[in-house]
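Worth saying up front: this structure is predicted, and the values here are computed from it rather than measured. Letters A, B, ... mirror the listed sequences (proteins, then strands); counts begin at 1.
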Number of protein chains: 4
Amino acid sequence: MEAFVVKRVVSWGDCDPAGVVFMPRLMDFAVEAAEKWYLGNFGYTWLSLRRERGIGSPMVKTQLDIMAPAEPGDELALTVRLKRVGSTSVTYQITGAKADGTPCFKAEMVQVSVEVEEFKSVAIPEPMRTHMQAYHDACPA
Amino acid sequence: MEAFVVKRVVSWGDCDPAGVVFMPRLMDFAVEAAEKWYLGNFGYTWLSLRRERGIGSPMVKTQLDIMAPAEPGDELALTVRLKRVGSTSVTYQITGAKADGTPCFKAEMVQVSVEVEEFKSVAIPEPMRTHMQAYHDACPA
Amino acid sequence: MEAFVVKRVVSWGDCDPAGVVFMPRLMDFAVEAAEKWYLGNFGYTWLSLRRERGIGSPMVKTQLDIMAPAEPGDELALTVRLKRVGSTSVTYQITGAKADGTPCFKAEMVQVSVEVEEFKSVAIPEPMRTHMQAYHDACPA
Amino acid sequence: MEAFVVKRVVSWGDCDPAGVVFMPRLMDFAVEAAEKWYLGNFGYTWLSLRRERGIGSPMVKTQLDIMAPAEPGDELALTVRLKRVGSTSVTYQITGAKADGTPCFKAEMVQVSVEVEEFKSVAIPEPMRTHMQAYHDACPA
């Protein structure tokens with residue numbers, strides 16, 4: 001099992017007056033990469049999880065380090081790894097690199113599993129949790 | 001009754017590498033102004049309307065004309081008017097002007113009232129519709 | 001020559017509390033599709049055009065029609081056509097369709113060519129303009 | 001000297017299909033609060049700093065903790081404090097609270113001062129740095 005990689009070309013609208021990606025947009029990139037990993041692995045969206053099983057998946061904690069600015073036209077390779085898989089939360093690590101391999105950013109995001117009505121912690125449902133653990137073991141952060 | 005005006009300072013993150021507001025962000029400004037008008041008049045959000053009455057309020061048609069670029073630090077006065085009030089739809093007109101009065105943009109947006117489950121047109125609920133009509137008559141677009 | 005198509009999967013963050021793409025985000029999709037068409041055809045970004053030739057490319061007029069809502073996980077095919085190629089402006093038409101062909105939205109956007117210092121109209125530079133005309137003739141909107 | 005507070009009403013478009021503010025949007029809120037603090041204190045934008053003095057102000061490191069979800073219509077009070085003022089960088093701390101005082105989020109962001117051409121660290125210019133130090137001493141994070 002190899003680490004999941006999403007390619008994303010930086011667009012004009014992702015960038016600020018300095019001509020580089022606006023910091024909060026990198027968080028968008030990171031969330032979107034995690035989401036594509038989830039959809040790609042489970043064929044299931046966070047919205048389906050919410051509607052069909054009554055389980056929400058909010059991000060509650062995140063940190064972002066920017067190593068190099070990226071600008072319009074740069075293609076970033078976003079690699080998704082799991083840093084920690086708990087019973088009710090998972091920590092994603094997303095790294096972004098330019099085409100020449102230059103590290104661009106690293107994001108870590110803690111996503112919790114909550115029961116929608118009461119907004120209380122609930123176990124990450126199966127088979128997602130077992131798969132997350134296997135992915136974590138195969139592609140450690 | 002005077003036209004409703006929201007002030008909004010253009011931020012760094014609203015702007016693109018040309019140093020001016022990125023076009024789709026002006027649509028955000030326009031929607032947000034309409035939303036503040038709605039909340040200010042009815043003490044009610046579109047989300048409450050959705051949850052409590054099962055009525056959605058999607059924007060289905062919009063047009064935007066940009067007359068002058070705006071940049072970080074510019075304070076825009078966003079004026080909300082209603083161009084047309086129908087039985088199941090309302091057309092907002094939002095104009096944005098700089099502090100010196102220079103017109104910056106004009107947006108028109110058609111918002112429809114839909115029954116959430118079937119996504120079918122439904123009458124704009126009262127007392128909103130009557131109030132919209134009165135506002136339209138007092139402050140025509 | 002065939003019409004240029006970009007695929008884009010709707011993400012969680014593109015959507016609003018109704019669970020469908022927030023209207024201004026569709027304008028982002030449209031601008032991004034136009035930008036990818038430009039980069040794909042000319043190997044050149046709007047930022048390079050700005051920096052190297054002193055020519056800006058602001059969108060000044062746009063309209064958007066939404067035919068059907070799209071939700072997280074939907075893959076949209078965004079087709080780029082040129083509706084009109086003038087000497088100093090070009091009108092893009094972007095249509096978005098779901099995987100089963102259902103039309104989702106249509107956007108038209110007028111982009112002007114301006115000399116950056118004075119913000120005055122200037123001819124669309126060659127070889128872009130000639131290529132735009134050829135694309136327009138081959139794939140009319 | 002009291003801590004600077006910006007009020008911001010959560011809008012429909014800030015929120016995701018869970019009906020609460022999408023996590024990266026909270027980073028937008030935080031950056032915008034820092035920016036308003038800067039403009040309010042110095043009468044000067046990051047863009048002016050860039051254009052007139054050749055100094056850029058990228059955010060290079062950030063972390064965000066979400067304590068409670070916020071939804072459309074909630075008014076957040078965003079309080080700006082400086083956690084650390086260095087010679088070439090400043091760490092902002094932005095806390096967001098609901099009208100009833102419930103803590104909603106806390107963000108910390110490191111902003112560096114760079115010389116635009118070479119993208120190298122440069123001293124935070126005066127009189128900004130001295131003022132930042134005084135604000136830090138008066139309103140510690």
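- A:P69 touches chain D through its side chain: at least one heavy atom from C-beta onward sits under 4.5 Å away, while N, CA, C and O do not.
- At a 4.5 Å heavy-atom cutoff, the contact between A:L47 and chain D is made by side-chain atoms alone.
- Salt bridge absent: A:R25 and D:D28 never bring a charged side-chain N and a carboxylate O closer than 4.0 Å.
- For the pair A:K106 and A:D65, the salt-bridge criterion is not met [side-chain N within less than 4.0 Å of a carboxylate O].
- Aromatic ring orientation, A:Y38 versus A:F42: perpendicular (interplanar angle above 60°, classes split at 30° and 60°).
- Proximity to chain D is limited to the side chain of A:V31, based on heavy atoms less than 4.5 angstrom apart.
- Evaluated for a side-chain hydrogen bond (donor to acceptor under 3.5 Å, both in side chains) with D:K83, the options D:E108, D:H136, D:Q93 yield exactly one hit, D:E108.
- In this structure, CD1 in A:I55 is found 12.5 Å from OG in A:S48, a value given to the nearest 0.5 Å.
- Chain D forms more heavy-atom pairs under 4.5 Å with one residue of A:I66, A:V110, A:T62 than with any other, namely A:T62.
- Only the side chain of A:F119 comes within less than 4.5 Å of a heavy atom of chain D; its backbone N, CA, C and O stay farther away.
- The NZ atom of D:K61 sits 15.5 Å away from the CD atom of D:Q111 when rounded to the nearest 0.5 Å.
- Counting heavy-atom pairs under 4.5 Å between each of D:P58, D:A18, D:A30, D:G56 and chain A puts D:A18 at the top.
- With a threshold of 4.5 angstrom between heavy atoms, A:M109 approaches chain D through side-chain atoms but not through N, CA, C or O.
- At a 4.5 Å heavy-atom cutoff, the contact between A:M59 and chain D is made by backbone and side-chain atoms alike.
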